[in-house]
Amino acid sequence: MLTIDRCTLEARVADITTLDVDAIVNAANTSLLGGGGVDGAIHRAAGRELLHECETLGGCATGDAKLTRGHRLPARYVIHAVGPVWRGGTHGEPDLLASCYQRSLEVAREVNCASIAFPAISCGIYRFPADEAVRIAIDTVLENLPRMPQLQSVIFACFDHAMFERYHTELRGRQAPPSKPI
Ligand code: ADP
């Protein structure tokens with residue numbers, strides 16, 4: 001766990017659909033009409049009403065994010081972010097992934113979220129290399145914290161232990177070293 005000012009960043013092994021936070025982020029696709037992986041799990045847990053709300057949004061560009069309500073989820077909102085498909089890294093994938101995190105935080109700020117949970121966007125079916133994706137996720141959240149005074153908790157929800165270890169190690173690496181005694 002890493003605490004910066006009033007905000008904690010932590011990794012957890014968790015099914016993101018179970019988290020009682022203001023907003024969970026979905027790793028969606030451009031149609032916003034559901035898919036596999038975490039997207040499918042969120043739609044199943046939130047119910048048909050989520051799909052109906054998504055149908056009104058007109059899709060979403062890669063790197064962007066759009067807001068819906070959480071419907072039957074414990075979370076109040078779902079922020080649907082569209083990550084890039086990994087195509088070797090020379091098609092702007094790192095910037096597009098950073099943009100997902102940035103836009104998700106901007107959307108969360110608009111509705112005053114104090115807590116948000118992210119899945120490892122693009123790290124499943126979209127095949128983004130996990131170590132680089134984890135660095136981008138943490139970097140982008142940390143860069144945006146000064147503009148997010150209402151934010152108190154960021155959870156990186158990991159579906160398996162290997163992903164948890166990546167976030168945990170990376171977060172520990174960002175911890176300021178203890179100050180030396182004089
Ligand atoms: P993408 O298409 O963006 O790659 P995926 O849903 O395939 O999205 O995978 C993104 C990450 O979410 C993967 O690390 C996957 O293991 C994880 N994941 C899948 N289901 C869940 C869930 N219910 N809660 C949290 N993470 C999940």
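Sequential numbering from 1 along the given sequence is applied to the chain's residues. Indexing begins at 1, ligand by ligand and atom by atom, following the structure's order. This is a predicted model, so every value here is computed, not measured.
The closest protein non-hydrogen atom to atom 6 (O) of ligand 1 is V38 N, 2.8 Å. Closest protein heavy atom to atom 16 (O) of ligand 1: F159 CB, 3.6 Å. With hydrogens left out, the protein atom closest to atom 7 (O) of ligand 1 is I125 N, 2.8 Å, a heavy atom. Protein heavy atom in closest approach to atom 24 (N) of ligand 1: I16 N, 3.0 Å.
With respect to the salt-bridge test (charged N to carboxylate O, under 4.0 angstrom), the residues R174 and E170 qualify. Using a cutoff of 4.0 Å between basic side-chain nitrogens and carboxylate oxygens, R87 and E93 are not scored as salt-bridged. The pair R103-E106 meets the salt-bridge criterion, with a side-chain N (NZ, NE, NH1 or NH2) lying under 4.0 Å from an Asp/Glu carboxylate O.
Contact annotation: S122 has at least one heavy atom less than 4.0 Å from an atom of ligand 1.
Taking the six-membered ring for Trp and thresholds of 30 and 60 degrees, F164 and H168 have nearly parallel ring planes, at less than 30 degrees apart. Relative ring orientation between F156 and F118 is described as parallel, the plane-to-plane angle staying below 30° on a 0-90° scale split at 30° and 60°.
Listed by number with element, the atoms of ligand 1 under 4.0 angstrom from any heavy atom of A41 are 23 (N). The distance from ligand 1 to the heavy atoms of D15 drops below 4.0 Å at these ligand atoms: 22 (C), 23 (N), 24 (N). Near A120, the atoms of ligand 1 lying under 4.0 angstrom from a non-hydrogen atom of the residue are 10 (C), 11 (C), 14 (O). The A27 neighbourhood of ligand 1 comprises atoms 3 (O), 8 (O), with distances under 4.0 Å to a heavy atom of that residue.
In this comparison of C158, G124, A133, the heavy atom closest to atom 4 (O) of ligand 1 sits on G124.
Close placement of the W86 and F128 rings is indicated, their centers lying within 6.0 Å of each other.
Distances between N or O atoms of D160 and those of ligand 1 include no value under 3.5 Å.
Chaining together hydrophobic side chains whose heavy atoms lie under 4.5 Å apart places L33 alongside L51.
Screening V21, I24, L19 against S115 for a side-chain contact (heavy atoms from CB on, under 4.5 Å) leaves a single residue, V21.
Proximity of A14 to ligand 1, defined as any heavy-atom pair under 4.0 Å, is confined to the backbone N, CA, C and O atoms.
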